**Q** 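Shown below is the structure under consideration.
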Amino acid sequence: MLRLLSFALFLAIWWIAALFAGGAKLPSPPAVLNVIVAEAASGALFLHLGATLARVALAFVLAMSLGSALGYLMGRVRLADRLGDPWLILLLNLPALVVIVLAYIWAGLTETAAIAAIAINKLPTAVVTLREGTRALDSSLDEMATVFAMSRWRTFRHVVLPQLAPYVAAAARSGLSLVWKIVLVAELLGRPNGVGFEIGVAFQLFDTPRLLAYSLTFAAVVLVIETLLVQPLEARSTRWRPRAA
Amino acid sequence: MRLEVDITGKTFRNAAGEAHEVLAPLAFSLRPGEVGVLIGPSGCGKSTLLRIILGLDREFAGRVSRPPDARIGMVFQEPRLLPWRTVEQNVRLAVPGVTDERLAELFRILELESHRAHYPGELSLGLARRVALARAFAVDPDILVLDEPLASLDETLAGRLRDEIATLVGRRPVMTLLVTHSLDDAIRLGDRLFFLSPRPARIVREVPISIPRARRGEAELARIRTELRAAPANLEPK
């Protein structure tokens, strides 16, 4: 209910601002809705959204799995931490744009280059978060598992993983928002489809309704995925925690 | 089949780099069916000694030999349960081979039946300690290590758990090592009492109790207590 109210407020402010700014700079909600409906009817909207979502999914899975494994390794093995740390700092501070441009130059304007570039941007934050999580593992529970001769897999699955779950969730959360942002840049620079490509086209034509149509649909999709997928998974992984009052 | 402990020393280096001697030369051994009790002042190094015996700490001088493939049941000072698993899962995860009957029996004895599906965060400390006991017993261990298992339990329950420990020890030839502050627990359960000095810990006195556990009535216990009181005051547990 409160969410609906805040959404209505957003629409109201937009509409009022549109009246002042004029249709060329800020089209009113119905004007944008018209474009969305038209694009959806032609199928273009779904094509571009689908292409973007596929890239997000691939890059996200790639970065999360690789980043989690590396972070766990760096948290457990001192040598790995020392070797990996300079690379981590470099990657963390490298602007996304540099990675994307270099990827396109080295690997061509290909799908592989785009997905790799997005994944590389997200990778270091996943590594850092999981490394922290691994360092924070409770050694007393590890000792318990050792004394009771729990197998390695059993220990990992039931002792280690539940402790890492909040960190994985945090990495996924922040990582997903990062990927949402970067994927559009990658598409704008070197892909012939996707929401980023469409926004690029709209920008060149100064077609604000089209730009807003794609941006807002994209934002809506992000919101839906966050509420229907990410939040329930997060709640599930922490259901054993006593609830905050 | 013996647990032999022969430690010649253990030093601990703190964050500032200073070395602290935790254990002085110290040796004892336990046979199956025997209950050894470690009694000593707080902070004397008992926990370090247990960690060495359990193989968790390998940086010490000396030798500890456990029978190969000995199953170990342990009750830590804090319950050390997995907060994200239920009471039943906690026991089953540590002891995959436990039968449903044995589990039901343990839960009945320890009065945990109604808490099977609860998470440790929903339990009082006393209940959590009972779960830790159930987990250690479920192993049917060859070596049972109990680090103050009855602390913070009410007298009735502590008494019943003491009986349960005695039953378990009597049923199978378990080598049991009990750390306690309670002289009462010590003389009711122990076959041999090891009194430890303040840090660095060494055994200052070893008291065997020759009367079998089952035949220790109140009269015998009172006699043992009097004998122990006759010892020099500084060697008494606090």
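Since we're looking at a predicted model, the values are computed, not measured. So that the names make sense, note that chain A is the first sequence line, chain B the second, and so on, each numbered from 1.
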**Q** Determine whether more than 12 heavy atoms belonging to other residues, nucleotides or ligands lie under 6.0 Å from atom CZ of A/Arg173.
**A** yes

**Q** Let me know if B/Arg135 has heavy atoms under 4.5 Å from chain A in its side chain, its backbone, both or neither.
**A** both

**Q** Mind ranking B/Leu54, B/Leu56, B/Ile72 by heavy-atom pairs under 4.5 Å with chain A and telling me who comes out on top?
**A**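 If we count pairs closer than 4.5 Å to chain A, B/Leu56 comes out on top.
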
**Q** Measure distances from B/Arg80 to the heavy atoms of chain A and classify the residue's part below 4.5 Å as side chain, backbone, both or neither.
**A** both

**Q** Spell out the residues in residues 139-158 of chain A that have some non-hydrogen atom less than 4.5 Å away from a non-hydrogen atom of chain B, in order of number; otherwise answer 'none'.
**A** A/Ser140, A/Leu141, A/Glu143, A/Met144, A/Thr146, A/Val147, A/Phe148, A/Met150, A/Arg154, A/Arg157, A/His158

**Q** Verify the neighbour count for atom CZ of B/Arg172: are there more than 12 heavy atoms of other residues, nucleotides or ligands below 6.0 Å?
**A**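 Count over threshold, so yes.
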
**Q** Taking atom CG as the centre, does B/Asp69 end up with more than 12 heavy-atom neighbours from other residues, nucleotides or ligands that are less than 6.0 angstrom away?
**A** no

